[in-house]
Amino acid sequence: MSYDYNAIEKKWQAYWAKNETFKADGNSKKEKYYVLDMFPYPSGAGLHVGHPLGYIASDIYARYKRHKGFNVLHPQGYDSFGLPAEQYAIQTGQHPAITTKDNIARYREQLDKIGFSFDWSKEVRTSDPAYYKWTQWIFIQLFNSWYDIDADKARDIKELEAIFASEGNATINAVCDEDVKEFSAADWNGFSSKEQQQELLKYRLTYLAETEVNWCPQLGTVLANDEIVNGVSERGGYPVIRKKMTQWSMRISAYAERLLQGLETIDWTDSLKESQRNWIGKSVGASVTFDIKGYNDKIEVFTTRPDTIFGATFMTLAPEHDLVAKITTAEQKEAVDTYVEATAKRSERERMADVKTISGVFTGAYAEHPFTKEPVPIWIGDYVLAGYGTGAVMAVPCGDQRDYDFAKHFDIPIKNIFEGIDISEEAFADKEKTVIANSDFLNGLNYKKATKTAIYELEKLGQGQGKTNYRLRDAVFSRQRYWGEPFPVYYVDGMPQMIDATHLPVELPEVEKYLPTETGEPPLGRADVWAWDAVNNKVVPNDKIDDTTIFPLELNTMPGWAGSSWYLFRYMDAGNEEAFASEEALQYWQNVDLYIGGSEHATGHLLYARFWTKFLHDKGSLPVDEPFKKLINQGMILGTSAIVYRVSGTDNYVSKGLKDSYETEELRVDVSLINSADELDIEGLKKWQPQFKDANFELEDRKYIVGREVEKMSKRWYNVVNPDDICNDYGADTLRLYEMFLGPLEQAKPWNTAGITGVHSFLKKMWKLYHNEEVFAVTDTEPTKDSLKTLHKTIKKVEEDIENFSFNTSVSTFMIAVNELTAQKCTARAILEPLAVLISPYAPHIAEELWQKLGNNESVATAGFPVFEEKHLVESTKQYPISFNGKMRFTMELSLDLSKDEIEAAVMAHEKTQQQLAGRTPKKVIIVPGKIVNLVG
RNA sequence: GCUGAAGUGGUGGAAUUGGUAGACACGUUGGACUUAAAAUCCAAUGUCCAUUAGGACGUACGGGUUCAAGUCCCGUCUUCAGUACCA
């Protein structure tokens, strides 16, 4: 009976599905463990071999935890809203829902082939109305909340209204828009309803605001900062420009400090935490206000170095700063206008690329130094960014290199305020070595003391205070797209109103085309039935809008990260129609114990999910305030593209070794046409694409050798390797083992099938171990000492490997074990039964088959993990290497039963030792447990 | 520039706490079986010297600590990833 992986895998996949082997029990007495993968976007291209890498790792861990007696939740679903399905709809007219459904079916089929232990009864799809009902519900919760800084949590907006009505807003310490004006209770009560709504909007955790956004004309939508890579859109690579639009925003900045602090409580990699820290970008310093000479206005700046305030010899405003137009003098007006216009024309990208060039213009206006009262010239310069801090800086050229360069370039005086430091060549920015001079009351103080004193004095003057600034910006939440969650929002007199939560979901309307309208409205502007009947609480045709009972609905949809920010909680209780998950389920499952996914989500999804979790925790909807306790980033599996060389202007292709003799261009061809020796299947290529049909090929050694290039696996490079082919040729167990064997989980690595035969033949050897020729040959004989040693060595190593996520080395461990047991001619059940359990997380199908043949009725998944016993590893004697002063090295055999003193005595008495140590008697013998005996002379 | 990770045979990669570097696999070479091929099995395989016995060198480079360093410390170089006029 040979190892028929196809039949075995089919059989057990069907068995698992039928018996719901991996269904997680919601109210178990067992300890819970929640293992989650980042759910995939179901793209039309299907899965490639890179996708399953993380899934296999999490599956191994989930299966291992089940063996260890945990109640494991290991679900899977789809992040099924997104741009590609919409783009496809624009091109073909096919509804994105249909595309998405087809793609999901394909994904499911591919996933099933690999034998994952997912609990499919808890599947979620973000585009399912039963799911996005709750995404909309969370949005409403955010709208109805404000952030109380004193309580350091989100509170109900009704409580804020009550305070406004009784005390006004003077006592409120909230995270809100910057243009909030103070009002009394009387003012508030005198406001019209619309005015009140406008004020409240400035406090809500999701709010409408005119914001400068990243507009991508080609995609017809706005993009979040993390959707832009190098100034072009992440998807498609189109240019992005700045544009002002009214958009929904999420007040994530309210959570900046908690998002930062929370990192201390979770087990993520340092690099990932570091990216989030950088993204949040906390800097501690002071805000300082400068009076403008001749105007009533003030300029507020943020600085991390208030200690250097006496070195401020000028100020710089961002060209977009509101005050620029106002304070520019008549003489400077032309120069300033030209400069501002030129800056506005330059794209963000150009501005970034061109860091070296120093540019700026003097406004003609002066501010007044808060302490010296001396005039400080006000300049504008594009090195100051409108989007950070207040868009204005106090320039201290002696302490900041950019200010220094700017001052040198425009011949602005540089004042040295550092004791004993030469600043004739460059600025001095070392805080630790700072001693302040030339600065009135700060003279002689170090950085820390000077900072404190400066802030104290500024506060006394009423011209500043200590301040912490965050780089983290509020997140724009509107997208001008069709295929996303509709907002549960309609507009009365221009003010947004939430649809009552009992009438959710508000389902996506039908449109005849998926493009923006001719007037520039989002695609939902094309819907005929997209108005809200506020009396009967339902969606009705647009032509009924009367603005008294029937109102227009929001035309934007939510961004991709809306649905993915909370999906982990939906899995806990996926079918629930009364709540996003029941209280019991949330209590029991808490949060994700192990999360595996790509590092590309470091500052997007992973930050937003933490934000929503903290918010829902504040509102009492969640018992936890972090979503993912432990996170592992799997490395990307890269493709190896194949390149042919076409002689320019001809239809001739030359082999790689000959290309240098010609002028050639590189074309990528499908990797399936290449064999393991980089040799091209020329006939196959001719059939692959018509452009190669009549091509000529110049060979070397009668072969056409292609060039190889390691790059991201992508359809456009024709380097995608499909897991189905591997499953057909070698089986899912081989694929699983091989993907793990490729290298460390977290490392990026190119896909190559060179070593796959080694893994495959291991499985065949494993199979043979349980069979003698054609028959199953496990016996009840007593295991030998050697076999017991092999088994327990393997248990120990595999357990350690899984706990450390070093899945690659356990594959080697299995290979060694099988080789040893084969050599020992081991047939003992006492060895082979636990071995099947050990390997079942990695190669579950073969394990199930062997398990069943061993006479077990239940799935191997329910078996307990073998217990490691140290005693089987202990040997009676062991070879010890002995070194002396690093010069001599020899081995001696020692009994382990001896005490430390006895070993020392034995070493000293050892004949060889004495010979070699002649004349150099060691004073001490150091016994390092288990390894080496050292003689120290 | 900054932050993070890494650098080990022909290749992918092992090496627990500082304790026999190169496990395991691929590839290569030789052999067995076979009419032949595939499959399978066996042996060799870091470099150099040596017929052998054996020896020397060897974990990017240069130093250091230690009886002992791939591992720890200092400096240099290189690669990858993220990020950037962040005041």
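By convention in this document, chain letters (A, B, ...) are assigned in the order of the sequence lines, proteins followed by strands, and residues within each chain are numbered from 1.
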Check for a donor-acceptor pair, side chain of A/H760 on one end and backbone N or O of A/Y730 on the other, with a separation under 3.5 Å. yes
Please give, in whole Å, the distance from B/U17 P to A/N804 CG? 9 Å
Examine B/G13: is either OP1 or OP2 under 4.0 Å from a nitrogen or oxygen in the side chain of A/Q747? Give yes or no. yes
Can you identify which nucleotide, out of B/C26, B/A84, B/G13, has its nearest atom closest to the A/P744 side chain? B/G13
Describe the nucleic acid contact of A/E746 in one word from base, sugar-phosphate, nothing, applying a heavy-atom distance below 4.0 Å. nothing
Select base, sugar-phosphate, or nothing to describe what A/K282 touches, counting heavy atoms under 4.0 Å on all strands. nothing
Between A/T289 and A/K298 (side chain of the first, backbone of the second, donor and acceptor by atom type, cut-off under 3.5 Å), is there such a pair? no
Under 4.0 Å from OP1 or OP2 of B/U40: is there any side-chain N or O of A/K764 that close? yes
Please report, rounded to the nearest Å, how far the P atom of B/A5 is from the NZ atom of A/K273. 13 Å
Base, sugar-phosphate, or nothing for A/S812, non-hydrogen atoms under 4.0 angstrom? base
What's the NZ-C1' distance between A/K749 and B/U79, to the nearest Å? 17 Å
Provide the distance between the two P atoms, one in B/A21 and one in B/A60, to the nearest whole Å. 16 Å
What interatomic distance, in whole Å, is found between P of B/C86 and the corresponding atom of B/U3? 14 Å
Heavy atoms from C-beta onward define the side chain here; which of B/A87, B/U40, B/U3 lies closest to that of A/E274? B/U3
Using the P atom on both, measure B/U11 against B/U28 and round to a whole Å. 15 Å
The complete set of salt bridge (charged side-chain N to carboxylate O under 4.0 Å, His left out) pairs with one or both residues in residues 800-826 of chain A, sequence neighbours excluded, reads A/K793-A/E820, A/K797-A/D801
What is the glycosidic conformation of B/G9: syn, defined as within 90° of 0, or anti? syn
Any donor-acceptor N/O pair under 3.5 Å between B/C26 base and A/N752 side chain: no
Just name whichever nucleotide pairs with B/U66, Watson-Crick or G-U, keeping both distances under 3.5 Å, else none. none
Go through B/A14, B/C85, B/A23 for me and flag the one nearest to the A/T809 side chain. B/A14
For B/A25, the nucleotide meeting Watson-Crick or G-U wobble distances (both under 3.5 Å) is B/U11
P-based separation of B/G4 from B/C74 [nearest Å]: 14 Å
B/A39 pairs with which nucleotide, Watson-Crick or G-U wobble, both distances below 3.5 Å? none
Minimum heavy-atom distance between A/P841 and A/I60, given as atom pair plus value: O-CG1, 3.4 Å
Need to verify one output field. Residue with the more 5' nearest nucleotide on RNA chain B, A/I756 or A/R305? A/I756
Between A/G389 and A/E800, which has a closest nucleotide on RNA chain B that is more 5'? A/E800
Heavy atoms from C-beta onward define the side chain here; which of B/A87, B/C41, B/G4 lies closest to that of A/S283? B/A87
Phosphate contact (B/A25 OP1 or OP2) by A/N819 side-chain N/O below 4.0 Å: yes
What interatomic distance, in whole Å, is found between C1' of B/C61 and the corresponding atom of B/U8? 15 Å
What closest approach, in Å, do A/T640 and A/W751 show between heavy atoms, and which atom pair accounts for it? OG1-O, 3.3 Å
Please determine, for B/U71, whether a Watson-Crick or G-U wobble partner exists with both distances under 3.5 Å, and give it or none. none
The side chain of A/F741 is closest to which nucleotide in this list: B/A15, B/C24, B/A87? B/C24
Over 60° means perpendicular and under 30° means parallel, so classify the ring planes of A/F406 and A/F410, tilted if in between. tilted
Could you state the CE-C1' distance from A/M394 to B/A87, rounded to the nearest angstrom? 9 Å
Distance between C1' atoms of B/C73 and B/G22 (Å, rounded): 26 Å
Choose from B/G4, B/A87, B/A84 the nucleotide whose nearest atom is closest to any side-chain atom of A/S271. B/G4
Between P on B/A23 and CG on A/N808, what's the gap in Å once rounded to a whole number? 15 Å
Geometric cation-pi criterion, A/R610 with A/W561: 6.0 Å, 45°: no
To the nearest Å, how far apart are A/M766 CE and B/U40 C1'? 19 Å
How far does the P atom of B/G31 sit from the matching atom of B/A81, given to the nearest Å? 46 Å
Would you mind reading off the distance between A/K765 atom NZ and B/U40 atom C1', rounded to a whole angstrom? 10 Å
Across all strands shown, which nucleotide pairs with B/U47 by Watson-Crick or G-U wobble geometry, both distances under 3.5 Å? B/A56
Within the distance-only criterion (no hydrogens, no angle test), does the side chain of A/N633 pair as donor or acceptor with the backbone N or O of A/G597 below 3.5 angstrom? yes
Identity of whatever pairs with B/A5 - Watson-Crick or G-U, under 3.5 angstrom: B/U79
In this structure, how many angstroms lie between the P atom of B/A39 and the CZ atom of A/F762, rounded? 20 Å
Does OP1 or OP2 of B/G4 have a side-chain N or O of A/R277 closer than 4.0 Å? no
